[in-house]
**Student:** 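Just dropping this structure here.
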Amino acid sequence: MSHRPRIDHQQAPAALTAEILTAVGELDQDAAPDVIAARLGDGLAPALHTMAKALRVQAGALGVPAAAVDDFGGFEGQYEQIEKVAAHHGNHRS
């Protein structure tokens, strides 16, 4: 069994994705799951583990802008501010 280097959980999603693609190689997207599992053998679990870590990093990153919007009143609050500014400036185009 080969040992992969430990991955920092804060590693960039792109680096994690590259590691996953290296682990799985070229896969036919239409291949049946059992065919892929048989081909990857012992490499399947590490690839899935790395993929799960990448998804957690990605999900966390998606939460950052959403939290920022929430801090400023949510999307409705942002749209309301846009409307106020547009009304104040008369929505004129130069």
Side-chain angles (χ1 to χ4, degrees):
M1 178 195 284
S2 67
H3 294 283
R4 297 185 151 286
R6 184 180 171 109
I7 298 173
D8 182 347
H9 71 279
Q10 294 183 6
Q11 191 174 9
L16 291 168
T17 299
E19 182 168 344
I20 293 163
L21 294 176
T22 299
V24 299
E26 294 293 324
L27 291 178
D28 178 3
Q29 292 181 344
D30 297 325
D34 58 334
V35 171
I36 294 170
R39 179 172 162 252
L40 294 177
D42 290 340
L44 181 60
L48 289 175
H49 184 251
T50 303
M51 189 179 326
K53 288 194 291 186
L55 289 172
R56 283 194 302 270
V57 169
Q58 182 182 35
L62 292 174
V64 171
V69 170
D70 287 344
D71 287 346
F72 288 102
F75 285 105
E76 285 186 31
Q78 293 300 301
Y79 291 132
E80 184 178 315
Q81 288 291 23
I82 291 167
E83 291 296 324
K84 285 180 183 178
V85 170
H88 175 73
H89 291 286
N91 207 14
H92 296 295
R93 295 180 187 193
S94 299

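All values derive from a computational prediction rather than experimental measurement.
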**Student:** So among E83, E76, K84, which one has a side chain to side chain contact (heavy atoms under 4.5 Å, CB included) with E80?
**Tutor:**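 Between E80 and the candidates, side chain to side chain contact (heavy atoms under 4.5 Å, CB included) is satisfied uniquely by K84.
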**Student:** Strictly distance-based, threshold 3.5 Å: is any side-chain N or O of Q78 a donor or acceptor partner for the main-chain N or O of F72?
**Tutor:**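 It does hold such a pair.
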**Student:** If two hydrophobic side chains count as joined below 4.5 Å and joins carry through other members, does L40 share a cluster with V35?
**Tutor:**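 As far as the 4.5 Å side-chain criterion goes, V35 and L40 are not connected within one cluster.
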